[in-house]
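See structure below.
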Amino acid sequence: MKKAYRLFHDGALALMRAEWAGMRVDVEYCKRKKRLLSKKVNFYQHKLEKSKLAQLWKKRFRGKVNWNSNQQLSHILYHIMKITPPKLTATGAGATDNEALEKISVPGVDLILQIRRLKKIRDTYLEAFLREQVGGWMHPHFDLHTVRSYRSSSSSPNFQNIPKRDKEAMRVCRGAIYPRLGHLILSADFSGIEVMVACCYTKDERLIYDAVHGDMHRDMAMELYMLDSLDKHHPGERNFRQGGKNGFVFPQFYGDYYMNCAQGLLEWAKVAYRKDGTPGLVHLQDKGLVKLDKKGEIKNCDKFIEHVRIVEDQFWNVRYKGYTEWKERTWKEYQKRGYVEMFTGFRCGGVMRRNEVLNIPIQGSAFHCLLWSFIEIDRISEEEGWDSRLFGEIHDEMLIDTHPEELEHIKKTVERVTTVELPKAFSWIIVPLKVEIEVHPIDGCWAKKESH
DNA sequence: GGAACTCGCCAC
DNA sequence: AAACGTGGCGAGTTCC
């Protein structure tokens, strides 16, 4: 308990200094991009209002039309147009999220998706940067007292959910954020830290082997899609591996089960293709796992679901048997004592679901690896009088506003602290840790990558 | 007019 | 038996 307190006490101080450092925002850029996005939104909005969908909408809601209202959209699609909802919300209404709308081929629905995407960038990110900045500087908050798993959170603005995967959104949003003049942004993130921490808790031999030497995403993709080879550098085959990773391995570690996973796996199969050009779904049909209709759409996937069930069973009861045993022990212990403990000294009590109990120690401790490193690097930077400053953190990643002349020293320091000092301080770490350091150009924004 | 809720969506 | 973990936030909606 005392070491947990110490970590958060020191952590709060180090994060405070990062908040203090803050980051530069290109105000004129944000305003320019906002205007550009508004133009695009208006363009799509005009097109939308001319559609048949919009006519029905106006007829039904008359003076009360609100194009942003998903309730109204849901009503038009699922009550007026009598479309069967492809998906329901938590409260049982017809869903209008991306996943649902993509399955509806009604002219205008595609425009709504475009409008939403652009507005998200404009209103959630650029608008927030402009609101939060003062004189071209913003200082996102980092909190340690809000999260059940003893991770951190961020707000005003949230620095931890700025777009990354959607390349256009990434460029627009991260393009607004800069280091101090003459400096560069350096980011360092732990690779697969949650899996590494899971190794430490479960001590599962196969998991340790896979995390250190193997490629479990590739292995699982090959089993799930019945492939005899998989080249992850081939653009089509890469998506099979992505399917194994994002459609099976990650969801499974979070506590999902085969029925949901099968759906995700099929989505990835749609965008995957083999080296000889065979589309993913056709490949699955050749293997007898799905039946396709004349249009190439899935008619029946019962065999595939059953196959995923068997792979899941093997995954937990054979491959990662030790992990399963840890899950049982930990869940039983929680039921008996009413709390779950972390290696880092934190104790989580209260009413929790099974998946929460099993995820919290892993998620929390993984963040504590980052936090310990963050504190140590902050301490060294003060002691050595660096001009460079830590200015943010995203769960398993830290960001440093770096003076170019200090770059090489900082790289070495980060590498040493995260992969050598940390495992010494946290003696429960029984697997090697890897850190990936990325450097952005001098005076370059967060979107620009340094060319090597 | 503000609190609390729903829905949707961004990150790890 | 159970059935995807952790957040913040914008916009709409409902309640008081």
*asked:* Quick one, Trp372(A) and Asp10(A) - any side-chain contact, counting heavy atoms below 4.5 Å?
replied: no
*With under 30° as parallel and over 60° as perpendicular, where do the rings of Phe250(A) and Tyr254(A) fit, or are they tilted in between?*
tilted
*dC12(B) phosphate, OP1 or OP2, under 4.0 Å from Arg165(A) side-chain N/O*: yes
*asked:* Side chains of Val25(A) and Cys30(A), heavy atoms from C-beta outward: is any pair under 4.5 Å?
replied: yes
*Base, sugar-phosphate alone, or nothing: which one does Arg174(A) contact when heavy atoms must sit under 4.0 Å apart?*
nothing
_Just verifying a value: how many Å separate Asp123(A) CG and Arg116(A) CZ, rounded to the nearest 0.5 Å?_
13.5 Å
*Under 4.0 angstrom, heavy atoms only, what part of the nucleic acid is Ala169(A) near: base, sugar-phosphate, or nothing?*
nothing
*So does Arg131(A) get a side-chain nitrogen or oxygen closer than 4.0 Å to the phosphate oxygens (OP1/OP2) of dG10(C)?*
yes
*Looking at the side chain of Tyr125(A), which of dC10(B), dG10(C), dC9(C) is the nearest nucleotide?*
dC10(B)
*Of the candidate nucleotides dA11(B), dG8(B), dG10(C), which contains the atom at the shortest distance from the side chain of Thr124(A)?*
dG10(C)
Distances under 3.5 Å between protein N/O atoms and the N/O atoms of nucleotides 2-6 of chain C, please, pair by pair.
| unit_1 | atom_1 | unit_2 | atom_2 | d |
| --- | --- | --- | --- | --- |
| dC4(C) | O4' | Asp256(A) | N | 3.4 |
| dG5(C) | O4' | Asn359(A) | ND2 | 2.8 |
| dG5(C) | N2 | Arg151(A) | NH2 | 3.2 |
| dG5(C) | N2 | Gln363(A) | NE2 | 3.2 |
| dG5(C) | N3 | Gln363(A) | NE2 | 3.1 |
| dT6(C) | OP1 | Glu356(A) | OE2 | 3.0 |
| dT6(C) | O4' | Gln363(A) | OE1 | 2.8 |
| dT6(C) | O4' | Gln363(A) | NE2 | 3.1 |
| dT6(C) | O2 | Arg151(A) | NH1 | 3.2 |

_So, under a plain 3.5 Å distance rule, would you say the side chain of Lys120(A) forms a donor-acceptor pair with the base of dC10(B)?_
no
*Cationic tip of Arg347(A) within the cone over Tyr339(A)'s six-membered ring, i.e. under 6.0 Å and within 45° of the normal?*
yes
*In terms of ring plane angle, is the pair Trp331(A) and Tyr334(A) parallel, tilted or perpendicular, where the classes change at 30° and 60°?*
parallel
*Using only side-chain N and O atoms of Ser154(A), determine if any of them is under 4.0 Å from OP1 or OP2 of dG7(C).*
no
*Compute the centroid of each ring, for Phe61(A) and then for His75(A), and state whether the two points are separated by less than 6.0 Å.*
yes
*Among Tyr125(A), Phe159(A), Phe129(A), Tyr178(A), find the residue that satisfies the ring pair (Phe, Tyr, Trp, His ring centres under 6.0 Å) test when tested with Trp446(A).*
Phe159(A)
*asked:* Can you confirm whether or not the ring centre of Tyr323(A) sits under 6.0 Å from the ring centre of Trp316(A)?
replied: yes
*DNA chain C-proximal residues of residues 65-78 of chain A, any heavy atom under 4.0 Å*: Asn66(A), Asn68(A), Ser69(A), Gln71(A)
